[in-house]
Engineer: 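Attaching a single structure in structure tokens format; questions to follow.
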Amino acid sequence: MKDLNPRQQEAVRYIDGPLLVLAGAGSGKTSVITRKIAHLVQKCGIPANRIVAVTFTNKASREMKERVGHLISGAEARGLTVSTFHNLGLNILRKEHKSVGLKNGFSIFDDQDSRSLLTELSHKETAVAGEDVDYLRNKISQWKNDLVTPSQAQSHAAGEEEMRAAHVYSAYDRCLRAYNAVDFDDLISLPTLLFRDNEEVRERWQHKIHYLLVDEYQDTNTSQYLLVRLLVGRRARFTVVGDDDQSIYAWRGARPENLVQLAEDYPALKVVKLEQNYRSTQRILKAANAVIDNNPHVFTKQLWSEHGFGEQIRIIRCLNEESEADRVAMEIMHQKMQKGRDFKDFAVLYRGNFQSRTLEIKLQAYQIPYKVSGGTSFFSRSEIKDVMAYLRLVINPDDDNAFLRIINTPRREIGPSTLEKLAGYAQQRGVGLFAACDEMGLEQTLTGRPLQNLQRFSRWLAETTERIQRTDAIPAIQQMLRDIDYQAWLLEQAPSAKAAEKRMENVNQLVESMERMLGKQEEEDIAAVIGKLILIDLLEQRDEEDASDKVQLMTLHASKGLEWPYVFIMGLEEELLPHRNAIEEDTIEEERRLMYVGITRAQRELTLSLTAKRKQYGEEFEPAPSRFLDELPTDDVVWEGKGGEQRSVEQKKALGRAYMANIRSLLE
DNA sequence: TCCTTTCGTATTTTT
DNA sequence: TACGAAAGGA
């Protein structure tokens, strides 16, 4: 406790009622949560298996587990739940699946699966061809987050577009249930609805959980908010930690006003503010405070720091996006050489992923090692999706989505017309596609080669399923991969032999991960392992192991929760930051919070850059400087470059020297 | 069935 | 500019 400040101690000690911790950026909120867990176990005598801590990301939950592990012994921590909202929802559904009409082994549709199902449905259900799938996906997600049922959506739909979406929503949900599947949103909304409507189940869970902690509370959506309320019940023993100024996911359904709502729903709510920042210089905090002051506030916060005042914030004007990237790359190289800074102490943040491209080219030119976060995740790789689809079908024979993905992967000479006939028959019989292959009646619809191919496949899959479930799962899965000769398929599909090898490696890694998870006692069941796998991104873990000396590149969104000594933010221009759509839709406040998040990532130095000209969609235009630059305190910023300035001779020489020095150091 | 052409569109994305 | 989807042709 000694190393906590008085406010933090108060937040840890207060356990008599509901508590809201308003934790400013860098104020040690994770410490408070982890200490509190230790305090609850060691000082308050609450058994660890009665404590639940909820986060939004796998990464945050891993970090929390690790830090709790340093504070209390393994024995004390036994049964402690630290998980993401979605994982918690999955665990609830797995135990209560019967009450929500799901069968054991239900599948989880990820975003891609949902989209492909919606694409199909929008063609079938609506007269308008090519209904905007993005729109549908968002709309349906919104409805689910707000706990709006398909029929409610239909009766409240405003306008024709929404009516159509409501129609697709209804068909989409019916499909999911027929496939014995849920989507990501269902992992939260189904348990919430279950608790809301089923007293027995609700009370059982309320009884189980003695204390609940929620991280990043400003990111909760309506359904998550209600889930928390239903889990804590009337005893209301919980701590939520959040910062309304760091709410940057409203566009995904997050409701930062849940922070305010909490005070209304729990009149006894105690509020503790953490305003001391342990991360940044005073100057950086002053700038951050100044920017965020332009937003209206329900809770006011003033971050302060005991660190020195620090360097001025630099704003660099560049000619165009290429010179901007070049300048940032050179700056990093220069500082590395001149001041002996490590590459890993730098981060470059930007609004949109596309901005990384120009920068990457320059970083490569200077041979600066870097790591781009974001991009395609492990589970969106086609080879992983394929193998997962096989496994999903093994666990859940009703998963038609998985069936369709793999029926011709690798090729089995089963084309669209055959599948259409099969689907028609399956629908008429009210069974899944896989089950339909086996029925005698199918011979009325299909004959000859197509029928034989289907039956051969279904027989093989039935045997494989049997092997995986009855015998040792891992060897059976490996056998399955050999049966379909997946390696050969990859060689045929991948652009090069090397790429194919890489993909096979990914597949092997997937199998290894399953083996490891099966080894842990908690998840003996292969079905449980496969379900859980979808929620975890294996790449993330791989990244963390690779803690080498690299400059970090990522979007402002992805930077939340992280920190670096030296931070660059690129593209401080109107229409980019704030983004054009945000200006149009008048969500400037969220953009400002994004800027605030970016500024508060920096520990020591902050450099902002903008361009005079930017090429976008092949056309050049002249962006205006971001309004957020005007909101910075003038005394604390220093402007460099006049907007149209070419690189000076001096800079070019310095650059050449730095480049040579780097080559030399690489050769050593 | 597969490959090419053409057209339209273009944030952020914890799970 | 650059990518994916849809349409058209071999």
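Small disclaimer: the values here were computed from a predicted structure and weren't measured. Per chain, numbering begins at 1; letters A, B, ... match sequence-line order.
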Engineer: Considering only distance and modelled atom types, tabulate donor-acceptor pairs under 3.5 Å from the side chains of residues 578-586 of chain A, sequence neighbours left out.
Structural biologist:
| unit_1 | atom_1 | unit_2 | atom_2 | d |
| --- | --- | --- | --- | --- |
| A:H579 | ND1 | A:N581 | N | 3.0 |
| A:R580 | NE | A:E575 | OE1 | 3.2 |
| A:R580 | NH2 | A:E575 | OE1 | 3.3 |

Engineer: Report the distance from atom CG of A:L93 to atom C1' of B:dT15, rounded to the nearest whole Å.
Structural biologist: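 To the nearest whole Å, that distance equals 14 Å.
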Engineer: Please write out each protein N/O paired with an N/O of nucleotides 7-13 of chain B under 3.5 Å, distance rounded to 0.1 Å.
Structural biologist:
| unit_1 | atom_1 | unit_2 | atom_2 | d |
| --- | --- | --- | --- | --- |
| B:dT11 | O4' | A:H579 | NE2 | 3.2 |
| B:dT11 | N3 | A:N581 | ND2 | 3.4 |
| B:dT12 | OP1 | A:N353 | N | 2.9 |
| B:dT12 | O4' | A:R351 | NH2 | 3.3 |
| B:dT12 | N1 | A:R351 | NH2 | 3.4 |
| B:dT12 | O2 | A:R351 | NH2 | 2.2 |
| B:dT12 | O2 | A:H557 | NE2 | 3.4 |
| B:dT13 | OP1 | A:T555 | OG1 | 2.6 |
| B:dT13 | OP2 | A:N353 | ND2 | 2.9 |
| B:dT13 | O2 | A:R252 | NE | 2.9 |

Engineer: Mind checking what makes side chain to side chain donor-acceptor pair (under 3.5 Å) contact with A:T220, not counting sequence neighbours?
Structural biologist: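 A:T220 satisfies side chain to side chain donor-acceptor pair (under 3.5 Å) with A:N258 once adjacent residues are dropped.
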Engineer: Looking across every strand, which nucleic acid part, if any, lies under 4.0 Å from A:R357 by heavy atom: base, sugar-phosphate, or nothing?
Structural biologist: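 Answer is sugar-phosphate: A:R357 comes under 4.0 Å of backbone atoms only.
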Engineer: Measure up the A:H557 and A:Y249 rings against each other and bin them: parallel (under 30°), tilted (30 to 60°), perpendicular (over 60°).
Structural biologist: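 The rings of A:H557 and A:Y249 sit tilted, inter-plane angle from 30° to 60°.
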Engineer: Taking only the side-chain nitrogens and oxygens of A:N58, find out if one of them lies under 4.0 Å from OP1 or OP2 of B:dT15.
Structural biologist: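 For A:N58, the contact criterion (side-chain N or O under 4.0 Å from OP1 or OP2 of B:dT15) is met.
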Engineer: Could you check how far CG of A:L118 sits from P of C:dA5, rounded to whole Å?
Structural biologist: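 One finds 14 Å between P of C:dA5 and CG of A:L118, rounded.
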Engineer: A:L190 CG to B:dT15 P: how many Å, rounded?
Structural biologist: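 These atoms are roughly 20 Å apart.
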Engineer: With sequence neighbours left out, write down each residue that passes side chain to side chain contact (heavy atoms under 4.5 Å, CB included) with A:S116, or none if nothing qualifies.
Structural biologist: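 Expected list: A:N401.
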Engineer: Checking all strands, does A:D219 fall into the base, sugar-phosphate, or nothing category for heavy-atom contacts under 4.0 angstrom?
Structural biologist: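 Contact class for A:D219: base.
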Engineer: Mind checking what makes side chain to side chain donor-acceptor pair (under 3.5 Å) contact with A:S107, not counting sequence neighbours?
Structural biologist: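 A:S107: side chain to side chain donor-acceptor pair (under 3.5 Å) contacts with A:N396, A:D399.
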Engineer: By salt bridge (Lys or Arg N to Asp or Glu O under 4.0 Å), which residues pair with A:E324, not counting sequence neighbours?
Structural biologist: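 Residues passing salt bridge (Lys or Arg N to Asp or Glu O under 4.0 Å) with A:E324: A:R614.
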Engineer: Can you see which heavy atom on A:N180 is nearest to which on A:G105, and at what distance?
Structural biologist: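 That closest heavy-atom pairing would be ND2-C, 4.2 Å.
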Engineer: Nearest whole Å is fine: how far is B:dT14 P from A:I188 CD1?
Structural biologist: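 Nearest whole value for this atom pair: 15 Å.
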Engineer: How close or far is atom C1' of B:dT15 from atom CG of A:N145, stated in whole angstroms?
Structural biologist: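 After rounding, the gap between these two atoms is 11 Å.
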Engineer: Starting from P on C:dT1, measure out to CZ on A:F621 and report it in whole angstrom.
Structural biologist: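 It works out to 16 Å between those atoms.
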Engineer: What's the CD-C1' distance between A:Q616 and C:dA2, to the nearest Å?
Structural biologist: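 From A:Q616 CD to C:dA2 C1': 13 Å.
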Engineer: In this structure, how many angstroms lie between the C1' atom of C:dG4 and the CG atom of A:D134, rounded?
Structural biologist: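 For the pair A:D134 CG and C:dG4 C1', the rounded distance is 12 Å.
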